There are 4 protein chains.
Amino acid sequence: MNKTDKRMRIIEAAIQVFAREGLVKGKIVDIAKEAGIGKGTVYEYFRSKEEIFSAIEESLMDNIFQALEKIAATSLSPAKKLEAIMNKCIYQIVAMGHGLLIVTEIWAQAGREHWHTHQPANLAGKYDRFRELIVRILRQGIETGEFRPMNEDGVATLLMAFIDGLSWQYVLLRDSKRFWEIKTEAVRSFMKGIER
Amino acid sequence: MNKTDKRMRIIEAAIQVFAREGLVKGKIVDIAKEAGIGKGTVYEYFRSKEEIFSAIEESLMDNIFQALEKIAATSLSPAKKLEAIMNKCIYQIVAMGHGLLIVTEIWAQAGREHWHTHQPANLAGKYDRFRELIVRILRQGIETGEFRPMNEDGVATLLMAFIDGLSWQYVLLRDSKRFWEIKTEAVRSFMKGIER
Amino acid sequence: MNKTDKRMRIIEAAIQVFAREGLVKGKIVDIAKEAGIGKGTVYEYFRSKEEIFSAIEESLMDNIFQALEKIAATSLSPAKKLEAIMNKCIYQIVAMGHGLLIVTEIWAQAGREHWHTHQPANLAGKYDRFRELIVRILRQGIETGEFRPMNEDGVATLLMAFIDGLSWQYVLLRDSKRFWEIKTEAVRSFMKGIER
Amino acid sequence: MNKTDKRMRIIEAAIQVFAREGLVKGKIVDIAKEAGIGKGTVYEYFRSKEEIFSAIEESLMDNIFQALEKIAATSLSPAKKLEAIMNKCIYQIVAMGHGLLIVTEIWAQAGREHWHTHQPANLAGKYDRFRELIVRILRQGIETGEFRPMNEDGVATLLMAFIDGLSWQYVLLRDSKRFWEIKTEAVRSFMKGIER
DNA sequence: TATGAATGAGGATTCATTCAT
DNA sequence: GATGAATGAATCCTCATTCAT
């Protein structure tokens, strides 16, 4: 097994552990056990616990982002693309289960640092990247006349906010039937809000 | 100063400290210092750090919830009420600043417990209480013909999701000008999505 | 209620609490509750927790010692006196129940201090007082010819050791039937050991 | 140094510290220092302070018990065996010095738990094991006609009580000359009490 | 490269004691 | 005299990280 594979395996183990225990209670030794390696070995691949956090976030975000770009590159109509993106995100979230909570905690931490250091959060960049992807699709739709004229940035933000919030609902409700009903109506409302 | 006032003062101090340091790094001794009392005194008012978390969440949520109920009780039109509620929430969030991160962390914790214990999270109850308030307004609007027929639960969830998500945007962007533009467009989109 | 009565009440409360919880886990506030007074009031009657320990020991020992002196002053034969004393001690111990454990802990503490400070333990004095009482009776018995000649000090010590040890048996066995059988045989053996 | 040796070294360090300071005042960090290791290392070998208590007791008791079984297995006459056992116990106690106080405190704690939980104390089992060893020797002596007929259980208890009690005398008197005189007479009295 | 034994900084919590009312 | 709110010293235990093997 090469270096990258093992790194990946540790990340996956870490996701399991942190999802189960939380960022703070999740111990390095447990990650090692979950990955089937020794505690010390973790430090051959990551400089610190902190670095594992970043790696997890990167991994999780990259996964989802690549999927979204694939959708954006299809020849679907803008409206269909948007729906597909929303659905993809939501499916991904459901698949992550409460692993979402990890990302939340990581972001909360990042947010706090951002607040103090006044450094533009790395996270903000990711949001922007996502937002741009949405904005592009919205503009296409406006050009084709499918969507009404709008402040594309604002609407993109609405969409992202909507996905974020929906994730929480899922974690808290976890009552799948109700969740899917809600989700369907929520998507419909959103689409209606931007149609011409 | 009576017992309740002092409890409140500790809660406020705790919010300061946790917002600055995070739930884990925020030390009891710092809370005590912030409140201008001795470390031991904190334990006269709260059994444990955990109990402070709950108290903070309760306090923060109650604050916002009472404000919303006041709005719901006015004689505004349903559409105006909804806009007022969204705005109130967002202002509140901005006012909380990154104190929002505390609530997020507390919720992440609660979510994890909920996931493991399969106990209905206390939090879910709060979401429901909020959702019901929204649903009531939506129904009024449908009756008056302002709003289109809809799955009220789904739309209410969308609204909540939108507010949750927008909070995050604020924490991460903190670029007020852009945030307010986004917010304005987002509210408009949402309202358009439900109008007749 | 006068000062002495209240002091006594606190001592009794303390015995209850310490017997239940141990010397260290037994809290001043619990003693106060048990005595039906305020925490601060305890300090009107005792300078410190330490002082309560001493008072308890004194109280418990005085009780038993007075009873023994009463027996010593009777006109029973030396052998009968000795038996009566052993029985009285044992009954007292049983009556104290695991309150004996308090005395043990107090003594262990005293023993340690004695060891370090090289001060003659106050306790040693009490042992001597008890030993002298026994020695007096043994000498009477030797004079009357009931007892064999012996090193009275050694035998008195044996008797005390025997009572101490039997107390432990009771605490540990607490199986009354077996305890009383053992006690009867033990007393018989002891008496046989000193008879002419 | 292997795992067991190190465990043993910690136990020995703990005995030193607890004997000096008492069970409660004796700090883990002091044990570590005494053992020449880091504080955290102690917890690699023992789950908690409580577990150290148990280990000490076990170690101390096993030591003495093995010695006694060796005596019991010799070809000495029953009377000589009994004397040897008493002497061995007493020498051991003297060797332990005020380390005896640790055992006392541990037992006091155990006794209290026993009292509350109504669980047969582990300690009771150890007493029984000791008692059986004595009873076996007493029966041998009765068979050979060296000892008078007796309730063997009762006499065994007397012997144990005598040893327990004598230990205390030593801790409190620590005046060796007097102690040894007393001990000699006490053993003689005991033996006389059971001879035919 | 892999390991896990060793480490010690760090923090929540307890409770005897004080003292203003 | 009686009270209990306030205090902070004291200590167990956790766990990220290091490093010798």
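Just so it is clear: chains get the letters A, B, ... in the order the sequence lines come, proteins before strands, and each one is counted from 1. From a predicted model like this one, the values you see are computed outputs, not experimental measurements.
The shortest side-chain heavy-atom distance between B/Phe53 and B/Glu105 does not fall under the 4.5 Å cut-off. Under the 4.5 Å side-chain criterion, counting only non-hydrogen atoms from C-beta, B/Phe18 is in contact with B/Ile52. In this structure, the side chains of A/Glu57 and A/Trp107 come closer than 4.5 Å at one or more pairs of heavy atoms. At least one side-chain heavy atom of D/Ile28 sits less than 4.5 Å from a side-chain heavy atom of D/Tyr43.
Taking the nucleotide of DNA chain E with the nearest heavy atom to each of D/Gly38 and C/Tyr43, the more 5' of the two is matched to D/Gly38. The nearest heavy atom of DNA chain F to D/Glu44 and to C/Thr41 marks one nucleotide each, and the one closer to the 5' end goes with C/Thr41. Projected onto DNA chain E by closest heavy-atom contact, D/Val42 and B/Leu23 fall at different nucleotides, the more 5' of which corresponds to D/Val42. Looking at which nucleotide of DNA chain F each of B/Gly36 and A/Gly40 is closest to, the 5′-most match is held by B/Gly36.
A sub-4.0 Å separation between OP1 or OP2 of E/dA2 and a side-chain N or O of A/Lys6 is present.
For the pair A/Tyr45 and A/Lys6, the tightest heavy-atom approach, listed with the atom from each and the gap, is OH-CD, 3.3 Å.
No N or O donor and acceptor, one from the side chain of B/Lys39 and one from the base of E/dG11, sit under 3.5 Å apart.
D/Tyr45 comes within 4.0 angstrom of the backbone, heavy atoms only, and of no base. Residue contacts shown for A/Gly26 are limited to sugar-phosphate atoms, with no base heavy atom under 4.0 Å away. Backbone-only contact: D/Lys49 has heavy atoms under 4.0 Å from sugar-phosphate atoms and none from a base. The residue A/Lys27 sits close only to the backbone: its heavy atoms come under 4.0 Å of sugar-phosphate atoms, none of a base.
What separates CZ of A/Arg9 from C1' of E/dT1 is a distance of 15 Å, to the nearest Å. Taking atom CZ of residue B/Phe46 and atom C1' of nucleotide E/dT13, one finds them 16 Å apart after rounding to whole Å. Atom NZ in C/Lys33 sits roughly 11 Å away from atom P in E/dC15 (whole-Å rounding). In this entry the distance linking CD1 of B/Ile28 with P of E/dT14 reads 11 Å, nearest Å. What separates CD1 of A/Ile10 from P of E/dT1 is a distance of 13 Å, to the nearest Å.
Salt bridge present: A/Glu34 and A/Arg20 bring a charged side-chain N and a carboxylate O closer than 4.0 Å. Salt-bridge formation is not detected for the pair D/Glu44/D/Lys3: no Lys NZ or Arg NE/NH1/NH2 atom is positioned less than 4.0 Å from an Asp or Glu carboxylate oxygen.
Of all nucleotides in DNA chain F, those with any atom nearer than 4.0 Å to a heavy atom of chain C start and finish, going 5' to 3', at F/dG1 to F/dA6.
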| query | For DNA chain F, what string of dots and brackets results from 5' to 3' when Watson-Crick and G-U pairs need both distances under 3.5 Å, crossing pairs get [ ], and pairs with another strand get |? | reply | .||||||||||||||||||||
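For D/Glu21, the salt bridge (charged side-chain N to carboxylate O under 4.0 Å, His left out) test picks out no residue, with sequence neighbours left out.
With rounding to the nearest 0.5 Å, the separation of CD in C/Glu12 from OG in C/Ser59 is 7.5 Å.
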| task | Determine, stepwise, if the pair A/Leu60 / A/Ile106 fulfils side-chain contact (heavy atoms from CB on, under 4.5 Å). | result | CA-CA 12 Å; A/Leu60 250 27; A/Ile106 291 173; over 6 Å; no
